[in-house]
Protein chains: 2
Amino acid sequence: MKITSQEEYGLRCLLRLACAEGQAATLPEIAAAEGLSVPYVAKLFGVLRQAGLIDSIRGRSGGYRLVKPPEEIGLGSLLLVLGEPLFDEPTYCQKHAGNAEDGNCVRHGDCSLRALWQTLEQWVRGSLDQITLADLLRKETRITELVRSRLSQTIFADSGPLISLTPLTR
Amino acid sequence: MKITSQEEYGLRCLLRLACAEGQAATLPEIAAAEGLSVPYVAKLFGVLRQAGLIDSIRGRSGGYRLVKPPEEIGLGSLLLVLGEPLFDEPTYCQKHAGNAEDGNCVRHGDCSLRALWQTLEQWVRGSLDQITLADLLRKETRITELVRSRLSQTIFADSGPLISLTPLTR
DNA sequence: TCGAATCTTGACGAAAAAGTATAGATTCGT
DNA sequence: ACGAATCTATACTTTTTCGTCAAGATTCGA
């Protein structure tokens with residue numbers, strides 16, 4: 001369970017854009033500010049652009065701009081654009097090893113850990129979405145308090161999935 | 001932000017051990033139960049053993065056993081043994097790209113995102129530790145309720161770190 | 001219109017992670 | 001004592017991720 005490079009740097013670069021306040025910032029500027037290579041930032045911004053988070057202006061005095069104000073960009077959804085979910089639903093029971101010949105999931109009865117990951121994902125994502133880019137730009141923000149104050153909402157509200165295991169046969 | 005293979009499979013295999021209730025389970029048994037190769041499970045159990053979570057008995061009727069009862073194994077610490085933390089403190093400012101020639105962190109003033117990741121890490125880890133292996137073994141557990149009921153504790157209690165950013169210079 | 005500055009895209013190589021293979025060490029049962 | 005069943009350790013191959021490179025497309029300014 002790790003923050004990927006793309007998540008980390010994508011977020012950093014987007015923060016730089018957010019600092020620019022409407023003014024378009026260019027790849028070389030951002031790259032220099034973060035100490036990254038220009039092509040790498042270009043790749044990251046490609047992802048962000050195709051996700052509709054930023055706008056690009058081509059040509060001589062071009063650059064990138066945020067589409068929405070920083071107040072409306074939650075970290076949960078942002079990180080989801082830059083990386084994968086904690087747990088990749090559609091491929092979960094196929095892609096890894098540990099499947100029977102017929103391709104079915106060989107695991108504890110009904111793939112029970114799935115429920116755990118789903119809950120965790122929903123929860124982390126939801127919590128992160130309570131923090132916006134704008135929050136990260138304000139100096140001297142106490143994150144813990146920030147989140148706590150915004151987390152009185154119903155993250156656990158829905159009735160989650162069940163876990164059940166079948167016993168190990170020896 | 002993703003669950004790594006080692007975390008997923010390590011947890012699954014450990015669950016199998018927990019099912020065995022004190023009886024030693026062998027590599028071939030576990031591997032067959034999870035549909036994994038024997039050497040792979042061996043590797044995973046190597047990690048778990050060196051972390052002191054399981055005991056190995058060598059020789060003819062050997063196998064592996066949990067050192068502690070499942071009630072005392074929290075998922076947070078377990079996953080930490082199997083994978084890396086969300087955010088790798090000591091290497092954070094060196095290992096990635098984006099550093100100045102002198103090796104110092106080139107980032108926003110005082111490496112501000114660090115505070116975010118630390119808070120998140122602490123928080124996810126702490127929450128996961130409220131769930132034990134034993135909880136996952138009980139059939140029909142509603143994870144969301146489980147966590148909520150155990151989370152009235154002071155996960156947010158300590159005063160977290162500050163965030164601060166220096167403005168983008170163009 | 002030309003050229004410089006910019007974004008866009010896909011292919012490529014390097015590094016890390018995942019999983020396998022193999023040889024070896026230990027113990028038990030007969 | 002021997003052999004079968006087990007764990008242990010290391011090296012290897014494959015796959016994925018990371019980051020770079022190079023060629024192309026677009027726009028502005030002079």
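Chain identifiers are assigned alphabetically (A, B, ...) following the order of the sequence lines, protein sequences preceding nucleic acid strands; residue numbering begins at 1 within each chain.
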(Q) Taking A:Y40 as the starting point, is it possible to reach A:F45 by hopping between hydrophobic residues whose side chains are less than 4.5 Å apart? (A) yes

Q | Nucleotide C:dG19, atom P - distance to CG of B:L82 in whole Å | A | 13 Å

Q.
Donor-acceptor pair, distance only, cut-off 3.5 Å: does the side chain of A:E29 make one with the backbone of A:T26?
A. yes

Q | Sugar-phosphate, base or nothing in reach of A:Y64, heavy atoms under 4.0 Å | A | sugar-phosphate

**Q.** Proximity to the side chain of A:R60 - top-ranked nucleotide from C:dC7, D:dC7, C:dG3
**A.** C:dG3

Q: Heavy atoms under 4.0 Å is the rule here; annotate nucleotides 9-17 of chain C 5' to 3' with B where the base is hit, S where only the sugar-phosphate is, and - elsewhere.
A: S-------S

Q: Tell me which nucleotide among C:dC7, D:dT6, D:dT8 gets nearest to the side chain of B:R58.
A: D:dT8

Q | Out of C:dT6, D:dT6, D:dA25, whichever nucleotide has its closest atom nearest the side chain of A:T26 | A | C:dT6

Q | Main-chain N/O of B:L82 paired with B:Q6 side-chain donor or acceptor, under 3.5 Å | A | yes

**Q.** Short side-chain to backbone donor-acceptor contact, B:E72 and B:P69, under 3.5 Å
**A.** no

Q | Test item: A:E121 side-chain N/O and A:P85 main-chain N/O as donor-acceptor pair under 3.5 Å | A | no

Q: Would you mind reading off the distance between B:I57 atom CD1 and D:dA5 atom C1', rounded to a whole angstrom?
A: 14 Å

Q: Output every pair passing ring-ring contact (aromatic ring centres under 6.0 Å, His included) with a member in residues 10-35 of chain B, not counting sequence neighbours, ordered by first then second residue.
A: none

Q | DNA chain C: 5'-proximal contact among A:L27 and B:Q6 (nearest heavy atom) | A | A:L27

